[in-house]
Protein chains: 2
Amino acid sequence: MASLHDVARLAGVSKSTVSRVINDEYGVKEATKVKVKRAIEECGYVVNQVAKDLKSNKTNSIGIIVPRVASNATSQGVDGLSEIFEQAGKQVLLANSRLEPGKELQYIELFNQKRVEGIVMFATHIDDELVAAIKRSKAPVVLIGQDGSGFNIPSVIHDDYRVGYCAGEFLSQAGCKHVGFLGVQSDDIAVDQQRFDGFSTALKHLAAKPPKFHSQGQFSIASGRQEMANILSSNQQVDGVFCATDRIAIGAMQAIAAAGLVPGKDIKVIGVGNDEMAAVVTPGLSTFAYGFEPAGNNAAKMLLEIIEQGRSQVSKLVLGFDWVPRESA
Amino acid sequence: MASLHDVARLAGVSKSTVSRVINDEYGVKEATKVKVKRAIEECGYVVNQVAKDLKSNKTNSIGIIVPRVASNATSQGVDGLSEIFEQAGKQVLLANSRLEPGKELQYIELFNQKRVEGIVMFATHIDDELVAAIKRSKAPVVLIGQDGSGFNIPSVIHDDYRVGYCAGEFLSQAGCKHVGFLGVQSDDIAVDQQRFDGFSTALKHLAAKPPKFHSQGQFSIASGRQEMANILSSNQQVDGVFCATDRIAIGAMQAIAAAGLVPGKDIKVIGVGNDEMAAVVTPGLSTFAYGFEPAGNNAAKMLLEIIEQGRSQVSKLVLGFDWVPRESA
DNA sequence: TTGAAAGCGGTACCAG
DNA sequence: CTGGTACCGCTTTCAA
């Protein structure tokens with residue numbers, strides 16, 4: 001592929017001059033400019049950004065690590081991130097860890113080799129290894145979805161504790177006496193632990209009975225259905241369920257209906273996220289709306305600030321949520 | 001940041017030696033290796049991939065252009081792409097055109113400057129400008145979602161014509177006499193034109209009445225609802241609707257129900273895609289399942305083949321679909 | 001087994 | 001206004 005050198009030779013000028021023309025620097029005679037531009041056309045010259053990056057020691061690129069793209073939180077989050085980054089002239093490198101543990105660590109390393117200016121990571125959990133890898137990273141890292149601020153890692157999260165609290169409060173005040181929580185694996189602090197903690201605490205504050213169950217399933221409709229079916233078949237009394245995610249909640253509603261009961265009437269069901277599906281199921285799923293795209297926007301801004309200022313004013317950004325009442329609760 | 005040179009100085013050897021140690025080349029004395037490795041640790045040296053890329057004239061990276069990430073087709077498609085690319089050791093650069101016309105063209109140019117080895121583009125339409133930009137690109141381009149093979153652009157698509165044909169056949173054989181199509185903007189060849197063409201053709205072949213309407217809305221539930229409501233309020237007889245996408249179909253079902261009619265009984269409704277939502281609405285949406293992740297897999301493989309062989313055996317890959325009958329038709 | 005030097009494709013300083 | 005040259009960080013002969 002044609003280089004500056006080739007263009008220079010073709011135009012009968014020096015590399016310096018070609019460089020000046022390309023970068024629109026003043027102080028080049030019009031006639032020379034024309035010659036150079038013609039030469040550029042002629043050999044189909046395309047700037048080599050790799051060489052520029054090396055010379056300038058600046059890549060204008062950002063790494064994003066996701067566990068998978070096809071999920072509400074990540075796909076919308078990535079849209080939110082890319083909006084801001086592209087406005088700022090940053091190119092996005094995407095790495096998909098496909099939920100394989102350890103992959104994230106490799107990608108942090110790889111992004112450092114690629115000399116990205118910063119990294120945004122959608123975290124599903126936090127462990128010592130991850131914290132160590134982030135500490136080791138020369139490129140600043142911002143977390144989305146899990147709170148790493150305890151390890152001094154800037155994070156953008158939703159208020160998972162409070163969402164649980166609100167759910168507990170709501171079910172309690174709606175008259176439910178036998179409630180429980182359908183969660184996910186317990187190493188997911190944000191989605192499982194925090195939401196459950198808030199939930200239990202609300203019940204305690206209201207002097208209601210504590211949760212009768214806390215199941216640990218997957219992030220899927222099928223899993224929610226399964227977990228709920230198990231609970232129902234155990235014959236314990238239930239009149240309210242708080243689910244860690246909307247998909248789990250939808251599965252729960254299916255199990256409830258399958259058992260001949262009516263979600264929203266016999267058993268109230270609440271989800272989290274306000275997945276588009278929540279609006280189209282019957283009965284409509286009452287849930288808490290999370291803004292995933294704004295989370296991306298904010299994480300991007302936070303990272304840019306760290307890159308530019310060396311540090312960020314906020315080390316942790318907690319986003320609120322909206323209660324979206326429908327028929328299920 | 002520490003460079004080879006720094007490590008060399010620290011270890012008291014030459015750059016060449018450090019390079020050899022880093023790349024695990026044989027012929028370095030064990031003692032020297034140890035010295036070098038210690039030096040690397042000491043100054044926290046991280047390989048500079050930018051310099052390597054420049055030197056080797058190879059970036060091992062692929063550009064992906066999407067109109068947005070948060071959609072079934074793109075988010076699953078990107079998962080499919082990244083799976084194959086990451087297996088092949090290719091880094092993915094993501095560009096989000098946010099549906100802004102012209103942005104795609106810029107990104108093709110930008111990716112060429114970044115010296116990506118190939119580009120995958122999720123296209124919403126094809127026009128002369130785009131074709132020209134792709135022709136200009138030194139990096140090979142593969143299209144997903146629209147057929148560019150007429151312009152000699154390798155493409156991975158679903159069989160949009162035949163899906164329309166099947167829908168027409170189905171509605172006709174189910175006894176519908178007054179059918180129509182809810183489409184999108186007409187410059188979307190794959191989603192609007194092809195699906196409609198197949199649909200009309202089936203009706204013609206079966207000597208059934210041609211479609212009574214072909215509306216042009218957006219890719220959203222709200223738009224489908226609106227378009228269907230318009231049709232219903234026009235008082236024309238309708239007993240079957242084929243919708244360009246599942247979301248449109250779900251909106252249509254809402255409008256039908258709102259008009260006091262029963263989707264699947266009074267008016268049959270068919271969608272395309274098998275969005276997860278199709279399974280959770282009531283009545284369940286009958287639809288054709290498209291494999292978006294496989295589309296990504298295949299596009300990635302096709303691009304890799306072009307990169308490695310200089311050309312691809314297949315210039316166009318047409319993926320099939322599965323009929324998923326539910327209650328709506 | 002190791003080092004010196006050239007060069008990848010640019011930029012930028014200094015001369016002329 | 002233009003050209004020569006050094007250098008960004010690494011790899012790769014070629015010699016020693």
Side-chain angles (χ1 to χ4, degrees), chain A residues 1-40 43-61 91 110-117 138-139, chain B residues 1-40 43-61 109-117 138-139:
Chain A
M1 187 165 301
S3 74
L4 260 196
H5 188 235
D6 301 315
V7 178
R9 212 159 13 99
L10 216 87
V13 298
S14 74
K15 291 200 304 176
S16 324
T17 302
V18 179
S19 176
R20 290 188 188 106
V21 173
I22 286 169
N23 297 298
D24 251 336
E25 285 172 24
Y26 70 103
V28 181
K29 218 201 306 176
E30 197 55 36
T32 318
K33 247 188 215 171
V34 173
K35 265 198 306 190
V36 171
K37 287 191 173 159
R38 190 150 37 216
I40 288 177
C43 62
Y45 170 76
V46 177
V47 176
N48 186 332
Q49 192 62 47
V50 180
K52 286 184 108 151
D53 286 355
L54 174 61
K55 175 68 185 173
S56 65
N57 197 23
K58 188 159 181 6
T59 58
N60 286 308
S61 54
Q91 173 61 229
L110 191 127
F111 279 149
N112 272 279
Q113 298 183 177
K114 288 252 175 196
R115 294 296 191 266
V116 299
E117 298 175 358
K138 317 250 175 178
Chain B
M1 188 167 298
S3 73
L4 262 195
H5 187 235
D6 301 315
V7 178
R9 213 161 11 101
L10 217 87
V13 298
S14 75
K15 293 198 302 175
S16 328
T17 303
V18 178
S19 175
R20 291 187 187 107
V21 173
I22 287 170
N23 297 296
D24 250 336
E25 285 171 24
Y26 70 102
V28 180
K29 217 199 308 177
E30 196 55 39
T32 319
K33 252 188 211 167
V34 173
K35 263 198 308 190
V36 171
K37 288 191 172 159
R38 190 152 37 217
I40 288 176
C43 62
Y45 171 75
V46 177
V47 176
N48 185 333
Q49 192 62 45
V50 180
K52 283 185 111 148
D53 286 355
L54 175 61
K55 176 69 186 170
S56 66
N57 197 24
K58 190 160 180 5
T59 59
N60 286 309
S61 55
E109 171 73 13
L110 192 125
F111 279 150
N112 271 279
Q113 298 182 177
K114 289 252 175 194
R115 294 294 192 267
V116 298
E117 298 175 359
K138 318 250 177 181

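What you see is a predicted model; the values in this text were computed from it and never measured. Numbers restart at 1 for each chain; the letters A, B, ... are given by sequence-line order, proteins then strands.
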Q.
Do His5(A) and Val18(A) have side chains that approach each other closer than 4.5 Å (heavy atoms only, starting at C-beta)?
A. no
Q: Determine: side-chain N/O of Thr17(A) to OP1/OP2 of dT2(D), distance under 4.0 Å, yes or no.
A: no
Q: Find which nucleotide of DNA chain D each of Arg20(B) and Gln49(B) is nearest to by heavy atoms, and output the residue with the more 5' nucleotide.
A: Gln49(B)
Q. To the nearest Å, how far apart are Glu25(A) CD and dT2(D) P?
A. 13 Å
**Q.** Distance below 4.0 Å between Asn23(A) side-chain N/O and dT11(C) OP1 or OP2
**A.** yes
Q. Atom NZ of Lys58(A) to atom P of dG9(D): distance rounded to whole Å?
A. 16 Å
Q. Asn48(A) has an atom CG; how far is it from atom C1' of dG9(D), in whole Å?
A. 15 Å
Q. Which part of the nucleic acid, if any, lies within contact of Lys52(A), taking any heavy atom under 4.0 Å across all strands shown: a base, the sugar-phosphate backbone alone, or nothing?
A. sugar-phosphate
**Q.** Student check: side-chain heavy atoms of Val13(A) and Lys35(A) closer than 4.5 Å
**A.** yes
Q: State whether Ser56(A) places a side-chain N or O below 4.0 Å from either non-bridging phosphate oxygen (OP1 or OP2) of dT11(C).
A: no
Q. Does Lys55(B) get its side chain close enough to the base of dG9(D), under 3.5 Å, for a donor-acceptor pair?
A. no
Q | Ser14(B) or Ala2(A), whichever maps to the more 5' nucleotide of DNA chain C | A | Ser14(B)
Q | Atom-pair distance (CG on Leu54(A); P on dT11(D)), nearest Å | A | 12 Å
Q) So which nucleotide from dC10(D), dT2(C), dG10(C) ends up closest to the side chain of Ala51(B)? A) dC10(D)
(Q) So Lys29(A), base contact, sugar-phosphate only, or nothing? Heavy-atom distance under 4.0 Å. (A) sugar-phosphate
(Q) Under 4.0 Å, heavy atoms only, any strand: does Tyr45(B) hit a base, just the sugar-phosphate, or nothing? (A) sugar-phosphate
Q) To the nearest Å, how far apart are Ile22(B) CD1 and dC10(D) P? A) 7 Å
Q.
Assuming nearest nucleotide by heavy-atom distance, tell me which of Val47(A) and Val13(B) is located more 5' along DNA chain C.
A. Val13(B)
Q) Between dG9(D) atom C1' and Asn57(B) atom CG, what is the distance in whole Å? A) 16 Å
Q) Which is true for Ser3(B) with a 4.0 Å heavy-atom rule: it touches a base, it touches only sugar-phosphate, or it touches nothing? A) sugar-phosphate
Q. Is there a side-chain contact between Ser19(A) and Leu4(A), using heavy atoms and a 4.5 Å cut-off?
A. yes
**Q.** Distance below 4.0 Å between Ser19(A) side-chain N/O and dT11(C) OP1 or OP2
**A.** yes
Q) Given atom CE of Met1(A) and atom P of dG9(C), what is their separation to the nearest angstrom? A) 10 Å
Q. From Glu25(A) CD over to Lys33(A) NZ, what is the distance, rounded to the nearest 0.5 angstrom?
A. 10.5 Å
Q: Could you tell me whether Lys138(A) atom NZ has more than 12 heavy atoms of other residues or ligands within 6.0 Å of it?
A: yes
**Q.** Integer-rounded Å distance: dT5(D) C1' and Lys15(A) NZ
**A.** 9 Å
Q) Is Val34(B) close to Arg38(B) at the side-chain level, that is, under 4.5 Å between some pair of heavy atoms? A) yes
